Number of protein chains: 2
Amino acid sequence: MLNSRQLKILQLIIDDFIASGAPVGSRTISKKSALGISSATVRNEMADLEELGYLYQPHTSAGRIPSDQGYRIYVDSLSLDKAIGQREKNLIRSLLISGKIRAEEVIENAAHLIAEITGLVVVASYPGFKKHSLSNLKLIKISETKVLLILISDNEVVKNLTLSFSGTTQSILDEISNALLRNLEGSTIEDITVKKISKLKYDLKNYAEVIDYLVPILRDTMKNIDEVEYRVEGFDNILSVPEFSDGTKARRMYQLFENKTIFKDIFDQITAEGIDIRIGEENEVEELRECSLITTTYRYQARDFGKIAVIGPKRMDYRGIISTLEYVSNTLSDIFSGIYL
Amino acid sequence: MLNSRQLKILQLIIDDFIASGAPVGSRTISKKSALGISSATVRNEMADLEELGYLYQPHTSAGRIPSDQGYRIYVDSLSLDKAIGQREKNLIRSLLISGKIRAEEVIENAAHLIAEITGLVVVASYPGFKKHSLSNLKLIKISETKVLLILISDNEVVKNLTLSFSGTTQSILDEISNALLRNLEGSTIEDITVKKISKLKYDLKNYAEVIDYLVPILRDTMKNIDEVEYRVEGFDNILSVPEFSDGTKARRMYQLFENKTIFKDIFDQITAEGIDIRIGEENEVEELRECSLITTTYRYQARDFGKIAVIGPKRMDYRGIISTLEYVSNTLSDIFSGIYL
DNA sequence: TATTAGCACTCAATCGATATGAGTGCTAAC
DNA sequence: GTTAGCACTCATATCGATTGAGTGCTAATA
């Protein structure tokens, strides 16, 4: 479709636009390119590229701006060789392997780091929970009226739930905990049903009354476990991006990031491993139609995938972001596979 | 210092400025006031009020804007009768007593609600931890290499800490947990020292080796417990306030709210119970010099106080905010004193 | 046939001059 | 003490002219 000179020109225009944010004129390209081509020739090519839908003019006498299609060609033709150097890689690696033990903290670190490097907003998902099997469980007395339920999945995710539950002692709770664990260990968390919990009564005949009281409370509480949680880092970066710095837009963005269900939808759509790029209108989510979204997956333990997304204006440094994201997600996969423990 | 007419005029000017955000002229006040006074008279009074430092003009031919001192007089002279009606009170009460069990959730709810009502940013502190005594403790195995330490204070705050700790079983951990609790129960959390933990060795001679291994890990982890944590709600509101909606200012604000140590300082300064109002330059924190900060305390259990602050432009609805804040904090005190359980 | 120089044309952005009007301060009269 | 009246100030809005970056088209050139 595009000959190599057209592609070259398109790339130069987009590079320039990403850097400057202003429509790019033919003279700029004529001077920049090593093609030895006059501005008039560039103009002709530009007119062709516009006809093909890769560029457009905000008004007649202005330069060209890339369309979503233009960005798409540009991104697809990017070579990522040496987009980030060994020094940056070493820095990233050393910052991520910083002795944090909890997976959540490692992920927050990673998201924060990417936000710093890219100057954009980063959303990261924590490892899943409900589809994993229960590996440990404990009931702990908080006060006369409250009990804490700790659930641990086999992918090492910890959940705290508080139950309204009076008139018991820690030693009773310990016995119940042990019995519950014996009965439930290995079931996936979403499979823990009233039926399974109720079996406990046979196991702990002495506490039948307590169990009857506990069962409905447990069931209600388990329903409220969130499947996946998200972390947003670097929101303030977007406030410096001219495209979003006006109050109304910034506010809409903030509300977008507050609404975690949207990110469930976004992440659920992305099934392929590796880098996924959505430019402008390619985003199904209305609110992101003016943005580009670059997502990557990292492997968390054997079967689980976590996701990290960078969100910013379409005018972003795709090369650098893709490389950074790839490198960070690989490092995370390494960390979670236990290589650095 | 001020006669009653001057005070009345000052109040009218500030009311108008709070509503409109634009400098207030003499004609506006002359028409509005029921004083039956001409604009010329108002101008004379305004000139006096300016001389006294309660008003100023952004430029010669503009109306007046209240100074920090002006706001101070205004706020001190506010009557709060019926600032919020019974209907609003009932609504607030019913939304707060919504069956949430965890104190953190109740506080988040409250902060969110205040942010909604006031249209401003709300910062709330969670109950303290370190100065309270330990009431329960449990070590729970997460994986071959990780152990979860749960600490519960007598004011019902729960902390999770993850330790890097291999080669043990849950039943050993249970024994250690029980022994630890026996030794430490009742000590305040900040008083838990290596010495106290080390005593364990006499208690659990069989596990001396495990204890030796555990002690330094425990000590390091305990050091990293945050004393107080904060919740920020309604940041997006500030993006709609003209005074802050430009990108740079909004960003600085965001970073202010991200930096939780600043709120430790701010809250620590406020020692009195009840409502505390800081207007503009009255704030010690540089970043809040263009804002007003209204803080209130609620009683959390017997000895503990939590704090909630509303932050916004000096041009804010003091009457409504103070009343809302007072009502919410009283309701929280009631909830935490157990009245609604 | 592809390239380019040249030129007329477009249009956002900038600038300066002018007008508008909200609001003041002062004075003199009530 | 209050107020009508008036001159004055100054931010803001308006309008026309200018500028300049950039285009599209045409005709000449390689």
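Owing to the predicted nature of the structure, the values given are computational and were not obtained by experimental measurement. Order of the sequence lines fixes the chain letters, A, B, ..., with proteins taken first and strands second; residue numbering starts at 1 for each chain.
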Go through the steps for B/Asn90 and B/Gln86 under the test side chain to side chain donor-acceptor pair (under 3.5 Å), then give the verdict.
CA-CA 6 Å; B/Asn90 292 340; B/Gln86 196 54 48; 3.1 Å; yes
Starting from the C-alpha separation in whole Å, work towards a yes-or-no answer on side chain to side chain contact (heavy atoms under 4.5 Å, CB included) for A/Val232 and A/Lys260.
CA-CA 10 Å; A/Val232 177; A/Lys260 310 281 161 146; 4.2 Å; yes
Any chance you could lay out the side chain to side chain contact (heavy atoms under 4.5 Å, CB included) test for B/Asp68 and B/Arg72, step after step, and finish with the verdict?
CA-CA 6 Å; B/Asp68 289 2; B/Arg72 172 48 63 195; over 6 Å; no
Please assess B/Ile238 against B/Met253 for the test side chain to side chain contact (heavy atoms under 4.5 Å, CB included), listing each intermediate value before the final yes or no.
CA-CA 9 Å; B/Ile238 221 171; B/Met253 274 291 152; 3.9 Å; yes
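In this structure, A/Gln57 atom CD and D/dA21 atom P are separated by 17 Å, rounded to whole Å. Atom CD of A/Glu51 and atom P of D/dG24 are 11 Å apart (whole Å). A straight line from CG of B/Leu55 to P of C/dT24 spans 11 Å, rounded to a whole angstrom. The distance from atom CE of A/Met46 to atom C1' of C/dT4 is 16 Å, rounded to the nearest whole Å. With rounding to whole Å, B/Lys31 atom NZ is found 16 Å from D/dT3 atom P. When the P atom of C/dT3 is taken as reference, atom CG of A/Leu35 falls 10 Å away, rounded to whole Å. Atom pair B/Glu45:CD and C/dG23:P shows a separation of 19 Å (rounding to whole Å applied).
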Please list, for nucleotides 4-6 of chain D, all pairs of protein and nucleotide N/O atoms separated by less than 3.5 Å.
residue: D/dG5; atom: O6; partner: B/Arg43; partner atom: NH2; Å: 3.3

Table of protein N/O atoms under 3.5 Å from nucleotides 9-11 of chain D N/O atoms:
residue: D/dT9; atom: O2; partner: B/Ser61; partner atom: OG; Å: 3.0
residue: D/dC10; atom: OP1; partner: B/Thr60; partner atom: OG1; Å: 3.0
residue: D/dC10; atom: O4'; partner: B/Ser61; partner atom: OG; Å: 3.1
residue: D/dC10; atom: O2; partner: B/Ser61; partner atom: OG; Å: 3.4

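Between A/Tyr74 and A/Tyr54, the distance separating the two ring centers is not shorter than 6.0 angstrom. Taking the six-membered ring for Trp and the full ring otherwise, A/Phe257 and A/Tyr230 have centroids separated by 6.0 Å or more.
Looking at which nucleotide of DNA chain C each of B/Gly63 and B/Asn44 is closest to, the 5′-most match is held by B/Gly63.
Considering only heavy atoms from C-beta on, A/Gln255 stays 4.5 Å or farther from A/Glu287 through its side chain. Between B/Lys32 and B/Asp16 there is a side-chain heavy-atom pair separated by less than 4.5 Å.
Nearest nucleotide to the A/Arg64 side chain, out of C/dT24, D/dT3, D/dG24: D/dG24.
In summary, of the residues considered (A/Leu120, A/Ile117, A/Ile275, A/Ile277), a side chain to side chain contact (heavy atoms under 4.5 Å, CB included) with A/Ile321 occurs for A/Leu120 alone.
Only A/Arg5, listed by number, bring a heavy atom of residues 5-28 of chain A to less than 4.0 angstrom from any atom of DNA chain C.
Taking the six-membered ring where the residue is Trp, A/Tyr318 and A/Tyr71 present tilted rings, their angle falling between 30° and 60°.
The shortest heavy-atom contact between A/Asn237 and A/Gly119 is CB-O, 3.1 Å.
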